[in-house]
Amino acid sequence: MGLFGTIGSFFSSACSFIGSAVSAVGGALASAATAFLSVAGSYLSPVVTIIGMFTNLIGLKDEKESVEEIGAKAMLSDKKPEDFESYTEYINHLREDIKLDKEKFDKATDIEKATRSAIGATILVKGIEEKKGFEIPTEAWVAMVKLGLEGKEKEVDSLLETFKNGKLSDFANYVEGKLDAKTEAEVSGTLVEMYQKLEPNASIEAIEKRVMNMDKS
């Protein structure tokens with residue numbers, strides 16, 4: 001079996017594993033985590049890293065806990081997100097009320113780790129969306145990974161705010177080189193304006209070059 005066949009088989013198994021956790025996390029969360037994993041694919045680890053670091057910044061996650069731990073606790077809890085007023089309350093419940101068996105946690109298979117990370121990341125993204133007031137497609141997180149934005153939380157926040165309310169898909173498609181000429185020009189202009197505000201001391205030439213290089217097609 002070739003490399004891509006092996007990768008596809010791995011994530012297919014992880015998606016199936018999420019399906020088996022429906023009774024624990026609830027159908028809605030399991031479905032969202034499966035969709036998240038399907039899109040993130042081989043970028044899962046760095047996508048989870050960006051989400052984890054960003055939720056540290058906005059106070060949704062404790063820096064001492066990992067995204068995978070949140071997912072593992074969700075699979076152990078007898079409560080689901082819909083049992084709470086918000087995802088913030090649900091996350092607090094997982095943090096305060098659910099304890100992990102460290103030995104069992106550390107002995108998990110790679111598929112189990114991917115499953116827990118996908119569930120944990122999905123929970124945190126739902127929490128971010130509640131705080132921000134808009135949806136964030138997984139493709140946008142993948143695009144940020146392709147731009148190497150791990151550890152650049154302020155830039156991540158600027159992108160989310162700049163392209164909120166349905167425009168994050170345009171940003172993701174810009175990075176993928178999938179936009180028509182008119183929309184590409186609009187997104188490019190928006191990015192230039194964003195970076196001018198974010199980096200006021202940078203030259204317009206440097207910013208324009210940076211924006212052009214964001215197109216990975």
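Values in this document were obtained by computation on a predicted structure and should not be read as measured data.
Considering all non-hydrogen atoms of both residues, S169 and P137 come closest at OG-CG, 3.9 Å. Nearest approach of P46 to E150, heavy atoms of both residues: CB-OE2, 3.3 Å. Across L37 and A118, no two heavy atoms sit closer than the pair CB-CB, 4.1 Å. The shortest heavy-atom contact between A121 and V48 is CB-CG2, 4.1 Å. Counting all heavy atoms, side chain and backbone alike, L100 lies closest to A72 at CD2-CB, 3.8 Å. In plain terms, the two heavy atoms of V142 and A40 that are nearest each other are CG2-CA, 4.0 Å.
Between L149 and L159 the shortest side-chain heavy-atom distance falls below 4.5 Å. Annotation: side chain of F171 is not in contact with side chain of T162 (no heavy-atom distance under 4.5 Å). Residues F54 and L124 form no side-chain contact, since every pair of their non-hydrogen atoms from C-beta on lies 4.5 Å or further apart. Counting heavy atoms from C-beta outward, Y90 and R95 have side chains that stay 4.5 Å or more apart. Looking at heavy atoms from C-beta onward, S77 lies out of side-chain contact with D97 at the 4.5 angstrom threshold. Proximity of E176 to K146: side-chain heavy atoms (C-beta onward) are separated by under 4.5 Å at one or more points. Between I204 and E208, the closest side-chain pair of non-hydrogen atoms falls below 4.5 Å. Within the 4.5 Å cutoff, the side chain of W141 has heavy atoms near those of the V125 side chain.
More than 12 heavy atoms of other residues, nucleotides or ligands lie within 6.0 Å of CD in E153, so this atom counts as buried by the packing criterion. Within 6.0 Å of CD on E96 lie more than 12 heavy atoms contributed by other residues, nucleotides or ligands.
The closest donor-acceptor contact from the side chain of S158 to the backbone of K154 lies under 3.5 Å. Side chain of S188 to backbone of E184: no donor-acceptor contact under 3.5 angstrom is found. Between the side chain of E129 and the backbone N or O of I136 there is at least one donor-acceptor pair closer than 3.5 Å. In this structure, S117 contributes its side chain and K113 its backbone to a donor-acceptor pair below 3.5 Å. The backbone N or O of K80 sits less than 3.5 Å from a side-chain atom of D83, completing a donor-acceptor pair. A donor-acceptor contact shorter than 3.5 Å links the side chain of T55 to the backbone of G52. Side-chain N or O atoms of E155 include none that pairs as donor or acceptor with a backbone N or O of K152 at under 3.5 Å.
Between R210 and E199, at least one side-chain nitrogen of the basic residue sits less than 4.0 Å from a carboxylate oxygen of the acidic one, meeting the salt-bridge criterion. Between K132 and D157, at least one side-chain N (NZ, or NE/NH1/NH2) sits under 4.0 Å from a carboxylate O, which counts as a salt bridge.
The distance from atom CE of M75 to atom OG1 of T115, rounded to the nearest 0.5 Å, is 6.5 Å. I51 CD1 to I123 CD1: the interatomic distance, rounded to the nearest 0.5 Å, is 11.5 Å. Here the OG atom belonging to S86 is positioned 7.5 Å from the CG atom belonging to N92, to the nearest 0.5 angstrom. For the atom pair CG of L60 and OG1 of T88, the computed distance is 5.0 Å after rounding to the nearest 0.5 Å. Taken from OG1 in T34 to CD1 in I119, the straight-line distance is 8.0 Å, to the nearest 0.5 Å. With rounding to the nearest 0.5 Å, the separation of CG in L198 from CD1 in I207 is 9.0 Å.
Following chains of ILVMFWY side-chain contacts shorter than 4.5 Å, one cannot reach I70 starting from M53, and the two form parts of different hydrophobic clusters. Hydrophobic cluster membership differs between M212 and V192, with clusters built from Ile, Leu, Val, Met, Phe, Trp and Tyr side chains linked at under 4.5 angstrom.
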Q: Would you sort out whether D170 and K167 count as a side chain to side chain contact (heavy atoms under 4.5 Å, CB included), showing the intermediate values?
A: CA-CA 5 Å; D170 285 344; K167 296 295 185 179; 3.7 Å; yes

Q.
Does M214 form a side chain to side chain contact (heavy atoms under 4.5 Å, CB included) with Y174? I'd like the steps, not just the answer.
A. CA-CA 8 Å; M214 292 172 76; Y174 178 84; 4.0 Å; yes

**Q.** K73 vs E69, salt bridge (Lys or Arg N to Asp or Glu O under 4.0 Å): CA-CA, chis, key distance, verdict
**A.** CA-CA 6 Å; K73 289 182 176 182; E69 287 173 344; 5.9 Å; no

Q.
I128 vs Y87, test: side chain to side chain contact (heavy atoms under 4.5 Å, CB included). Steps then yes/no.
A. CA-CA 9 Å; I128 296 170; Y87 267 88; over 6 Å; no

Q) Passes side chain to side chain contact (heavy atoms under 4.5 Å, CB included), N173 versus T183? Steps please. A) CA-CA 10 Å; N173 285 326; T183 309; over 6 Å; no

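The only member of E63, K61, E65 that meets side-chain hydrogen bond (donor to acceptor under 3.5 Å, both in side chains) when paired with N56 is K61.
A cation-pi contact links R116 to F105, judged by a cut-off of 6.0 Å to the six-membered ring centre and 45° from its axis.
Counting only residues at least two apart or on different chains, the side-chain hydrogen bond (donor to acceptor under 3.5 Å, both in side chains) pairs with a member in residues 98-107 are K102-D106, E103-K107.
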